[in-house]
Structure formats: C-alpha cells, structure tokens
Amino acid sequence: MTDTSNQMWGGRFAAGPDAIMEAINASIDFDKRLARQDIDGSRAHAAMLAACGIISDSDADAIREGLLTVLSEIETGKFEFSKALEDIHMNIEARLKEIIGEPAGRLHTGRSRNDQVATDFRLWVRDQIDEVDAALVALCKALVAQAESGADWVMPGFTHLQTAQPVTWGHHMLAYVEMFARDLSRFRDARARMNESPLGAAALAGTSFPIDRDMTAQALGFDRPAANSLDGVSDRDFALEFLSAASICAMHLSRLAEELVIWSSAQFRFVTLSDRFSTGSSIMPQKKNPDAAELIRAKIGRIFGANVALMTVMKGLPLTYSKDMQEDKEQTFDAADNLMLALAAMEGMVKDMQANRASLEAAASSGFSTATDLADWLVRELGLPFRDAHHITGALVARAETRGVDLPDLTLEEMQNVHPDIRAEVFDVLGVHNSVASRTSYGGTAPLRVREQIARWKGILG
Ligand code: ARG
C-alpha cells in the first residue's frame, strides 16, 4: 500500500484518488448522522462473531469497548472526520484501530459495507419513524383539544371554497385527526415491514463464516434477518415507504396550513394565531403574518422532492449494490428533518390558536348555508321530489340575493309566493344551529356525533 492510497481498501491501488474523485465519492459530510446506528450495528456484530467462535472474546470486548469510546468522541464533538476515509463506516473503523490496535481489523469479518450501510440506514429510518409517531400523536391530541373546546360551534363548511352547509368546528378539527391518524398508521405499517436485519448479507451473497444472523437481528431490535442477501443489500424501499408516508403526511399538513393562512386573514377572522407562531411586517405595523403556516405549506416541496429523487435514484439499478445508493441518505435526512419541524410547528400553532366563535357563526349564517336544509324540508314536509325542492329553493335564494338578505330574513309571504304550501315551521330549519344538530347520520356534523368521536379519539390517543 502506498502512502496516498486508501487505508481501508487501497491494497490494489498505487495512488490515492483525485481531489474531484474524493469530493464526489465522500459521504462523510452527511452520513456521519448514522454514527450511533453504525456503532450499535458493529457492537452487535462483534458480540455475535465472538459467540460463534469466529473471533476471540477478548477481541470482541476490545472492539465493543473501543466503539463506545468512538461514540463518545463523536457525541462530544471531539471526533475528527476525514473525507479521505469516505464515509462513517470507515471513519469509525479507522479510529477504532487507533484506539485498540490490531483487533479492530477483525470487526469486518463476515460483513461488508453493503450490509453495514443497509443496516445502519434501516435503523436510522426506524428511529425516525418512532419520532414522527410521537409527533403525530401530539398533533392529533392538540386537534382533539380544539375539537372539544368548540364541539358545537358552527362554521361554514365549504366546497370549492364556497359556502356549502353549516358544520361544527369540532367536526372540522376531527377531520384532520382522521387524516393524521391514517398517516400514523402508514408510518407504523412501514416500520413493521422494514424491521428485518440485512446484517450478515455481507457484500451480497452471504458469507462462509458460521455467523448467527438471528442473534444480531435480535440485538438490534429487528423482528428477523432479511431472508435474501441480494435483496438485503440492494433495496431501499424501506426509505421510500418512509418518504411516501412523509409525503402524504406533508400534503395533509399543507392543507391545514393553508386553512390557517386563510382563516387568520382579516377577511375571515376564523382564528387568531398566537404571537409565538406569527411574525410582523417591517413596514406595515398592522400586520401579523402566519409565517409558520406558510412555511409548513411550502416544506412539502422538499419532502415530495426527496421521494421523487430517491425513486429516481433507485429505478433501473441492477442488483445488487451500486454507489448510486449512497444518494439515498441526504434527501431522506432532509425530508425527515423538515417533516419533524413542520409537525412540531403545526402542533404549536394548533395548541395556541384561538377560534373566534362569533366570526365562525356569523360566517356560517351567511351565504345561504341552510339552502339544503330548506330543500330537505320541502321534501320531508311537502312530499316534493328533491329535484323540484332544489328548484324552488333556488328561486328563494335568488329572491333573497336580490333583496340583499339571507334565507331566514325572507317573509313567509315571500316564500309562499314561490310555493303556497310553505308553512312558518320552515324557519326552524333555516337556523344554523338546528341545521348542524339535524345532521346526526354516522360521521355527520351534529354536536352529538362530534362528541362521540371526541370520546373515541381520546380513548385511542390516550
Ligand atoms: N457510503 C456508502 C453508501 O452510503 C457505503 C457503502 C459502500 N459500499 C461499497 N461497495 N462501496 O452507500
């Protein structure tokens, strides 16, 4: 080996890499985030090698102790990362050799960086899912708390962002709980599927050493070893499932964020966001901007981008490992960081926001929001076919619109001019509270149903 060739794999090389080669090849700047998982994996591997009689107990002990020293150096910022050593795996092994000497060279028996990185990255994504899980539960709890404080407050329900029918604030908040809870179940499904250990797949074909893959799988909290070594080193579908679930979750976050942007505007005034999650304008003193919501709305771009980028990296790769796959990490780290940030910001905003009951109710009562209730009344009480009732209601809406009033402001006489059989009781269904209270079908917006769902979610979320 010459002085400049790589100390880990440079045996057949006469010279070290070109600087550009080093720059494109090195992953240490980002994969140093796998340090803890790498050390956990190596410690499990060393213990297994000793248990199987492949290395001595004293070598395994030295390796396991030395790795803890390396970990503490990394965690306390004392570790000097080297680009020449390419990645986290070789940086750690090289430092281990400096600390414990010769036994360090035995650690890599019966494994390769291919199964090593596949294991480390799985462990990292799995840890990340556990963090996302907790953040989603916290967000759902904040939404349930909002639902509870305004279970029967009326607000306009929209389609096409046009006033459609009155709904309850609690119902609207719980719609998001349903979405985020499905996100949670997607992350949990992905976690269960990815929880197989690639360690021991070695470079790609397995190994002739008598290793015990069940032992390392168990030590690392995996359910079982991956059954095919080629697959174990070469798929990154676990990261893609994480990014797909993250993309869907980010999409949901961005919808809620968009609603908060709209709702906090002077035109809506449905909610007041706390100062803690807003910013001011340097020129317009009256402004309070929903920046956190806007940034959540925007962050989906990078999360979708990571998903597409990794899909693109993986498509068309022949089995098994190719260096392309080193590009799996940066995108996933970035998406995970931004998802966590978006979830935390959303939880904070939801917790702090004040729904403005009076504005919600005033908006619910305008825009002919109870026109469907009127049409339903004509069907129920006068026995009209729904299509006729729809037409008559349309005529009444047009009448109210010309007069610049809402449906409950029409006189009985005006109504009877359109259909002579309409009676005074019709006014009961034109009030927004009666309207929402009447929608008691399962999953409907009636406060009665909303309170049942709040109780259900409290049971599930704890
Ligand atoms: N840094 C590499 C990666 O992230 C580790 C695996 C390298 N394997 C290899 N055969 N060169 O993919």
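Start at 1 with the first residue, then count along the sequence. Here the structure is a predicted model, which means the values were calculated and not measured. Remember, it's 1-based here, ligands and their atoms both numbered in the order they're listed.
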Engineer: Could you find the nearest protein heavy atom to atom 4 (O) of ligand 1 and give me its residue, atom name and distance?
Structural biologist: K329 NZ, 2.6 Å

Engineer: Less than 6.0 angstrom from the centroid, inside 45 degrees of the normal: does K329 satisfy that with respect to the ring of F30?
Structural biologist: no

Engineer: Could you identify the single nearest non-hydrogen protein atom to atom 10 (N) of ligand 1 and state the distance to 0.1 Å?
Structural biologist: N114 OD1, 3.0 Å

Engineer: Please determine whether the number of non-hydrogen atoms from other residues, nucleotides or ligands lying under 6.0 Å from atom NZ of K323 exceeds 12.
Structural biologist: yes

Engineer: CG/L136 to CE/M179 distance, rounded to the nearest 0.5 angstrom?
Structural biologist: 13.0 Å

Engineer: What protein heavy atom sits nearest atom 6 (C) of ligand 1, and how far off is it?
Structural biologist: Y321 OH, 3.4 Å

Engineer: Among Q146, H252, E259, which one satisfies side-chain hydrogen bond (donor to acceptor under 3.5 Å, both in side chains) with Y176?
Structural biologist: E259

Engineer: What residue and heavy atom of the protein are closest to atom 11 (N) of ligand 1, and at what distance?
Structural biologist: R113 NH2, 3.5 Å

Engineer: Of the protein's non-hydrogen atoms, which lies at the shortest distance from atom 1 (N) of ligand 1, and what is that distance?
Structural biologist: Q326 OE1, 2.7 Å

Engineer: Need the ligand 1 atom indices (1-based, order shown) with element for anything under 4.0 Å from a heavy-atom of S27.
Structural biologist: 1 (N)

Engineer: For A335 versus A306, what's the shortest heavy-atom pair and its separation?
Structural biologist: CB-CB, 3.8 Å

Engineer: Looking at D87, which atoms of ligand 1 are within less than 4.0 Å of one of its heavy atoms?
Structural biologist: 1 (N), 2 (C), 5 (C)

Engineer: Cation over ring, R191 on F242, under 6.0 Å and within 45°?
Structural biologist: no

Engineer: Under 4.0 angstrom from ligand 1, any heavy atom of Q116?
Structural biologist: no

